[in-house]
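Notes follow the structure.
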Amino acid sequence: MGVLKRTVLQLNASYEPMSVISARRALTLITKGVALVQVATGIQVYPGIYLPSVIRLRNYRSYPRRMQQVTRKNIFLRDGFRCMYCGARSPKVMLELEHIVPRCRGGKNVWENLVAGCHECNQKKRDRTPEEAGMTLIHRPLPQTIHTSSHILKQMGAEVKEWQTYLWQDSDGDRRYQYVN
Ligand SMILES: [Zn+2]
C-alpha cells in the first residue's frame, strides 16, 4: 500500500521530536503498544485504523543514532540545502559534499569538516583550505548536537503542517543556526 510509505513524525514520551519514520514502522510501534497516535490523518489503513501523522512513544528513549550519522543527506539538511560558500540553493545549483580541509590534507569525514558546496565553488576551491582559496564560509559548520538534530527534523518536516506545533515547541533552539533568507 502506497500510504504506508508516507512519513510520520515520531515524538519521544517527553513530546520532543525524535525522528521521521515510515508509516509502516509507525503502525508497527502502535500495534506493539510502544507508541500512541498523537495526530491521525483522515486516511483509513484498515477498518477503523487511521494512518498516523504524529506518534508518541509511551516510554522515554535516548536519542536515535541515525540522526547523528555523518551522511550527505544530514549535512545538506543541516546546511539548509545551500552552498556554504556562495549561498546558492539546491535545486538551482547542484550540491556536493565539500571537505573544508581537503581529504588529501588530512581532513576528516566529520560534521565540523563537511559542508554543502555547489559544483562551481568546489571547482574554484579545489584541494585548498578556504583561507588559501580566499573563500569564506557563510556559517561555521556545527558538530552534531541535539540542536543539529532538531534543526534537521525541522528541515525534513517543513512541508507538513500538522508537525509544526511539535517541531517548533523547543524555542531554546540553537541560535547560531538562523539562516538569512
Ligand atoms: Zn557555491
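Note that ligands are numbered from 1 as they come in the structure, with each ligand's atoms numbered from 1 the same way. For the single chain, residues carry numbers from 1 onward in sequence order.
Between the side chain of Asn12 and the main chain of Leu57, no donor-acceptor pair closer than 3.5 Å is present. Distance alone, capped at 3.5 Å, places no donor-acceptor pair between the Gln123 side chain and the Cys118 backbone.
Pro141 has its side chain out of reach of Met84: every pair of non-hydrogen atoms, C-beta onward, lies at least 4.5 Å apart. The shortest side-chain heavy-atom distance between Val115 and Arg78 falls under the 4.5 Å cut-off.
Between Tyr166 and Tyr15, the two ring planes are parallel [angle under 30°; tilted spans 30° to 60°].
Distances shorter than 2.8 Å separate the Zn ion (ligand 1) from the protein N/O/S atoms Cys83 SG, Cys86 SG, Cys118 SG, Cys121 SG.
In this structure, Arg128 has no salt bridge (charged side-chain N to carboxylate O under 4.0 Å, His left out) partners at least two apart in sequence or on a different chain.
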